[in-house]
Amino acid sequence: MSVPKRNVRLGIALIAVVLSALPFAVGLGMGNAWVRVLDFALLYIMLALGLNIVVGFAGLLDLGYIAFYAIGAYLYALLASPHFGLHWPAWAVLPLGALVAGLFGILLGAPTLRLRGDYLAIVTLGFGEIIRIFLNNLNSPVNITNGPQGIARIDPIRVFGVPLSKPLEIFGVHLPGVYLYYYLFVLLALGIIFVTVRLEDSRIGRAWVAIREDEIAAKACGINTRNVKLLAFAMGASFGGVAGGLFAGFQEFVSPESFSLMESVMVLCMVVLGGMGHVPGVVLGGLLLAVLPEALRHGAGPVQQMLFGRVLLDPESLRILLFGLALILVMQYRPAGLWPSATRRREFSKPGP
Amino acid sequence: MDTFLQQIINGLTLGSIYALVALGYTMVYGILGLINFAHGEVVMIGALTALAVIKPLAGAGLPGPLALLAGAAVAILVCMALGFAIERVAYRPLRHAPRLAPLITAIGVSMVLQQLAMIIWGRNYHSFPALLPATPRELGGAQITDLQIMIVVVAILMMAGLALLVNRTRLGRAMRATAENPEIAGLMGVDANHIIALTFVIGSALAAVAGVMVSANYGIAHYNMGFILGLKAFTAAVLGGIGNLAGAMFGGILLGLIEALGAGYIGDLTGGFLGSDYQDVFAFFVLIVVLIFRPSGLMGEKVSERA
Amino acid sequence: MSVLLEATGISKRFGGVEALKEVSLTIEQGEIYGLIGPNGAGKTTFFNVLTGLSGADSGHFHFAGRPLDISAPHLVAAAGIARTFQNIRLFANMSALENVMVGRHLRTRAGVVGAVLRNAATRSEEAGIARRALELLHYVGISERGNDLARHLSYGDQRRLEIARALATEPKLLALDEPAAGMNATETGALRQLIEGLRGDGLTVLLIEHDVKLVMGLCDRVAVLDYGEKIIEDVPAKVRRDPKVIEAYLGGTVV
């Protein structure tokens, strides 16, 4: 329990050094394209942490989570691009994205959270698809989303007026845009981790886990389960909204195809494979599953060429196949994920005699 | 042409297909309390298998209806085996696991089946040959094809057969008993594992037939066709009251009608604001509305919270 | 003595079965009130209706001087009725201490902002929750098991933990659904002491129990349900001699 304060400080300092040096190590060693991969990994980690609140803590299976990411992204795109001629600053749009996504979470959750868990999964899945279909089709008769073409030339995120998309020279150190975004994303991901960990160990977090463990007992203990579940839904959604806004500013382009059902399933994979309800596991899951497809992209082709003489499976299919298999195998043999918390592991072990 | 009658005919055709798929969902749900997300992929495998049999046969000059029959027969066998394997490998080991585990597994199975189908059949859309005479018949100002007639008739026959099986045979009694209470059914000498496997097999056979129907109806088959179809069929099952066989049939037909009429009239209803692109939204919208206002479905009993 | 809970004309049907028929009873402040009856007599149904888990078809409750809103379980808990379950329902993968801490949810306030900022108010509230939870574990006699997961506790300890969790909600009435079920003689004896201690501390207890001996020895007054109807409500000495009760139990088992 009691680690000396000095060690804690030392640990924090070490993590800070590693996190600051990481883009340089990756960028110089493997090229800036990989720093970009790292940036996306951080966005996925934020998403996975948001979904973890819903699935991991409160035990509610949300299969349309990417819709909240889409809402955050399109809000940013609409408010900071030539599409409507609006150029709101990121510091205003990002919190607004969190708020609006959270509101959508409540809007969806309020009528559906009294349903049984497996119905909830289907309804959220339907919601995700509805949002995507609307994004795809709301270009006529009034052009709101610009349809399947998506919205381009979105404003980059600016911090104190400095756009993160352009390289920056600080004290003679050259920082490309992907590095700048990396630092912003790391800070925000750390913020989200902080919030998640604090929530987990609080009155609210205990109520979430209580509902996951036994909803009827939680009710009998005086927990207003509907409100507490809604809170989980809204919190998770708002993380998704922030990540979506960051995504839009980073890519400077959004289109509906970034928000397919497969993306929701990917984020779910990150949470499940990493370790439901365990923050370090979820972070690990997000990192692994964001980086792995890139590795597949570079490695899978040559390996197949070598083994079969031709490329049977493109990396995208291989990714889905592998993750699908991983979901099945993990549920059978390691249901608490790769890095489970002690509690989770025990819950998923077979019931005793 | 009478749009209304035409959309009713289209809706009945579509609804018959949904009903067959919905039966698979509802049977599994009735017995295991599990939403078998992978069921839509079984439909897809059925369609593509049938196509793989039909193409060479039709190419060799076999008459269309015979080729269709042969394709459906092979598809049924393949899907039955697939359904059996899915239950055995993916779901049976999780029978007593926490409720999230089989749901997540089902998603995994769905992903794997889709990608396997893609490896076997490729990414392209396959055109499904027209095997029945294509000239439509006039019916009160609307048109109906032989294929549409066949789809509705076969669906009705299969549903009647299933109803007989479940209500009139020893096997059906065992299935109902297991759905009611597996432990007590077990005490009465019913092998629950056997019954559950059988449920998957029967549901998959219906899915295979539905797969052939949907491909023949739209003239197309694709590795990606299963998921949304499955989702809509699940909606149909919920609409009728999940776990209730008659409800699944009724829900399927109703959903087919809602979609067809909705697609035909949405432009008029919204003053041109929403077009028929939104056809897919109807199913989800119906699903959400039903679950909110009548979670037990239109024909279902009250679904109590699983303790 | 003042009346704590008054149930008037409570009826509940399940399909064709009348599980509760116009049941009326009154529980006085500070007593241990037993509710007994053969299997399927409607005891647990009465509990579920009272605690808001399933709505009554007709009838109403009056609790602590005002009408009791039984539309949702958490409202019943907030009004001051806590319960345990026949088949123990703990949060299996939380520690014993955390289980009791969840019970404090109702009487504490911290929200998301407080949890994230962990300001002075939240910190002191959290400390208070942990302190009270530990006291309650101590009270029911399992304080040394506080850090064990609830699922790892012995059967008897799980029953105690469930009572501690219920007490954490600061109830005026504690409703126990067959707390002695599955217990051996020693455990039952200890349970009896615990319940008597609760009465000694001023709590009112509603007890459903199969163990007639325990009920007769412990309760101040007893009501008997049979086929959903209350057939008698009186002190144990009178109840055990009542012919209707003896008949309900097929003669002889009530001694």
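Fair warning: this is a prediction, and the values are worked out from it, not measured in the lab. We name chains A, B, ... by the order of the sequence lines, and we start the count at 1 in each one.
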Heavy-atom pair count under 4.5 Å with chain C, highest-scoring of Ala218(A), Ser202(A), Ala217(A): Ala217(A)
Given the options Asn224(A), Ile204(A), Leu231(A), Val197(A), which has more heavy-atom pairs under 4.5 Å with chain C than any of the others? Asn224(A)
Any chance you could measure Leu106(C), atom CG, to Arg203(A), atom CZ, to the nearest 0.5 Å? 8.5 Å
Looking only at Ala110(C), Gly111(C), Ala77(C), the option with the highest number of non-hydrogen pairs under 4.5 Å against chain A is Ala110(C)
Part of Ala92(C) within contact of chain A (heavy atom distance under 4.5 Å): both
To the nearest 0.5 Å, how far apart are CD1 in Ile216(A) and CG in Asn48(C)? 8.5 Å
Against chain A, label Thr169(C) side chain, backbone, both or neither, depending on which of its atoms sit under 4.5 Å from a heavy atom there. side chain
What's the shortest heavy-atom distance between Asp201(A) and Arg118(C), and which atoms? O-NH2, 3.6 Å
Rounded to the nearest 0.5 Å, how far apart are CZ of Arg165(C) and SG of Cys221(A)? 4.0 Å
Report, as yes or no, whether the 6.0 Å neighbourhood of atom CZ on Phe91(C) holds more than 12 heavy atoms from other residues, nucleotides or ligands. yes
Heavy-atom distance under 4.5 Å between the side chains of Val209(A) and Glu98(C), does that happen here? no
Which region of Glu125(C), side chain (C-beta onward) or backbone (N, CA, C, O), has a non-hydrogen atom less than 4.5 Å from a non-hydrogen atom of chain A, or is it both or neither? side chain
Min side-chain heavy-atom separation His105(C)-Arg206(A) under 4.5 Å: no
Salt bridge present between Glu213(A) and Arg151(C) (N-O < 4.0 angstrom): no
Arg109(C), part contacting chain A, at a heavy-atom distance under 4.5 Å: both
Within a 6.0 Å radius of atom CG on Asn184(C), are there more than 12 heavy atoms belonging to other residues, nucleotides or ligands? yes
Please identify, among Ile223(A), Thr225(A), Leu199(A), Val228(A), the residue contributing the most non-hydrogen atom pairs under 4.5 Å to chain C. Ile223(A)
Between Leu117(C), Val102(C), Thr108(C), Thr51(C), who has the most heavy-atom pairs with chain A when the cutoff is under 4.5 Å? Thr108(C)
